[in-house]
Amino acid sequence: MPATEKNETAAETGAVEVRETRRLTGEIRIQGSKNAVLPVMAASLLHRGTTVIRNVPQIQDVFCMIRILRTLGCGVTFAENTLVIETGTLTSCEIPEKEAEKMRSSIMLCAPLLARLGEAVFGQPGGCSIGRRPIDLHLKVLAETGASVTEAGDRMSAKTCGLHGAAIHLPYPSVGATETALMAAAGAEGITVLTGAAREPEIGILCRFLQGMGVWIEGIGSGTLTVKRSAFLRDSEFTVPGDRIVAGTYLGAVMAAGGEVFLRDAPDSAMGENLRMAESMGTETQVFPEGIRIRQDGRLRTVSLETGPYPGFPTDLQSVMLAAALRAEGISKIREMVFEERFATAKELQKLGAHIIIEGNTAYVEGGRRLSGALVRARDLRGGAALVIAGLMAEGTTLVDGYSCIARGYEDICGDLRSVGAAIRFIADDNYAHDRAGDRW
Ligand code: UD1
């Protein structure tokens with residue numbers, strides 16, 4: 001069975017078993033970006049026709065979005081990392097609750113559904129448990145572009161007689177709300193000027209996709225975006241760039257284990273602060289047109305960093321840095337400024353013997369101590385990857401339970417790390433239950 005079909009149907013539950021690994025060497029090809037492809041898939045609904053998207057990662061969030069698009073009436077095929085979405089058959093405006101609960105990005109479908117069908121029915125979107133994730137800014141954007149939102153129990157309904165251009169200001173540069181605003185503007189009559197917009201690379205990627213469909217956009221890369229819809233949107237083809245968070249994860253793995261790895265297709269221009277922090281800790285990074293070479297020899301220095309909206313340090317790599325800092329002798333300070341509950345991973349790292357003290361939104365990490373393998377649980381996507389990285393440094397064997405969290409965003413974290421020498425494997429649920437019964441932990 002082709003990998004795409006296998007992944008699409010597999011439940012992806014299980015655990016990752018990882019053993020201490022001293023050095024990683026070789027090359028990893030970085031998959032297409034999750035946070036870029038999901039809004040692009042949603043935006044394909046804006047027009048009636050065919051969208052072809054290449055370099056799409058085979059991850060659970062993509063499969064979830066495919067199921068939602070099919071439920072809405074679209075035709076979707078996915079093979080060899082290429083997605084073909086046919087939106088001429090879009091008939092339903094109800095985002096299915098069961099799928100939306102799993103993935104926050106489902107909220108992004110509202111604006112395109114309003115533009116195409118005049119209505120969107122949705123619930124509170126789900127996603128990682130990393131803190132309060134309100135949708136007030138999305139609702140503000142929808143209201144200001146001409147939709148009225150009513151609540152019925154835990155479902156919401158947005159309706160419009162036609163979206164219109166508006167002057168919208170976001171009081172916080174929310175990535176998702178900026179994407180909602182771009183899609184609403186692309187489907188609205190007139191011109192929209194969005195100020196306070198997020199500047200994450202994924203916003204630029206969505207803008208370029210919309211431009212390919214025929215939407216006029218000015219100000220890409222800045223906090224002010226001006227958008228004008230085209231009378232006729234056209235079929236388009238788009239290639240998703242490499243995932244900067246996956247690249248940053250494997251960079252973290254090399255920092256933790258040491259070694260030399262080439263990250264093919266890593267998007268260096270989107271990784272500025274990440275690369276700067278790694279270098280400040282003593283990791284060598286060398287940028288080539290085809291990717292980034294990472295080299296870590298000798299000791300790692302401590303770090304003091306704070307997450308923030310782009311171009312700040314990405315919150316999605318905060319737990320990865322928490323894990324990497326365990327290698328640096330001395331005390332590192334990591335401050336979370338975006339999602340308040342993103343330190344849940346610290347508690348799991350403590351089970352491996354990590355010395356981490358949390359005070360408010362700051363983690364103090366005392367690195368350089370021996371870690372020892374234990375049973376830990378992935379509670380969110382990036383936190384799960386951070387536990388895998390910590391497992392590379394821990395004596396003995398670490399079992400990271402909750403693989404379904406990790407599979408939301410990594411195509412094959414075990415295969416990727418094994419290809420550069422890590423002692424790591426995926427254990428399906430049954431074997432794992434057997435191991436547990438044997439009191440291995
Ligand atoms: C996106 C990314 C996620 C990343 C985050 C910040 C996707 C699929 N996910 O999430 O990986 O961690 O950007 O870089 O692209 N907020 C509100 N009201 C809203 C919306 C957001 O108060 O209506 C707050 C959130 O609670 C959070 C902050 O704004 O504290 C940032 O959230 P936002 O930028 O919207 O993140 P997401 O788009 O959900």
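One-based numbering, in listed order, for ligands and for the atoms of each.
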For Asp316, atoms of ligand 1 separated by under 4.0 Å from a heavy atom: 3 (C), 4 (C), 11 (O), 12 (O)
Backbone or side-chain N or O of Gly176 under 3.5 Å from ligand 1 N or O: yes
Parallel, tilted or perpendicular: ring planes of Phe426 versus Tyr403, cut at 30 and 60 degrees: tilted
Contact (N/O only, under 3.5 Å) between Asn35 and ligand 1: yes
Ligand 1 N/O within reach of Phe339 N/O, cut-off under 3.5 Å: no
Side chain, backbone, both or neither: Ile245 near ligand 1, heavy atoms under 4.0 Å: neither
For Val338, the ligand 1 atoms whose distance to one of its heavy atoms is below 4.0 Å: 27 (C), 30 (O), 31 (C)
Gly73 backbone acceptor or donor facing Thr89 side chain under 3.5 Å: yes
Val175, portion touching ligand 1 at heavy-atom distance under 4.0 Å: both
Sub-4.0 Å heavy-atom contact, Pro134 with ligand 1: yes
Subset of ligand 1 atoms that lie under 4.0 Å from at least one heavy atom of His138: 23 (O)
Subset of ligand 1 atoms that lie under 4.0 Å from at least one heavy atom of Tyr172: 28 (C), 29 (O), 31 (C)
Backbone or side-chain N or O of Ser174 under 3.5 Å from ligand 1 N or O: yes
Where at least one partner belongs to residues 211-229, residue pairs that pass salt bridge (charged side-chain N to carboxylate O under 4.0 Å, His left out), sequence neighbours excluded: Glu189-Arg229
More than 12 heavy atoms from other groups under 6.0 Å of NZ on Lys351: yes
Min side-chain heavy-atom separation Met183-Pro39 under 4.5 Å: yes
Among Leu399, Asp401, Val400, side chain to side chain contact (heavy atoms under 4.5 Å, CB included) partner for Val16: Val400
Non-hydrogen atoms of Ala390 and Leu352 that approach each other most closely: CB-CD1, 3.6 Å
Part of Tyr310 with heavy atoms under 4.0 Å of ligand 1, whether side chain, backbone, both or neither: neither
Rounded distance [0.5 Å steps], NE2 in His47 versus OG in Ser236: 6.0 Å
Contact (N/O only, under 3.5 Å) between Lys34 and ligand 1: no
Straight-line distance of Arg48 CZ to Leu90 CG, nearest 0.5 Å: 8.0 Å
Any Glu202 heavy atom less than 4.0 Å from ligand 1: no
Closest to atom 23 (O) of ligand 1 (judged by heavy-atom distance), picking from Leu170, Asp61, Leu137: Leu137
Ser319 (side chain) donor-acceptor with Leu322 (main chain) under 3.5 angstrom: no
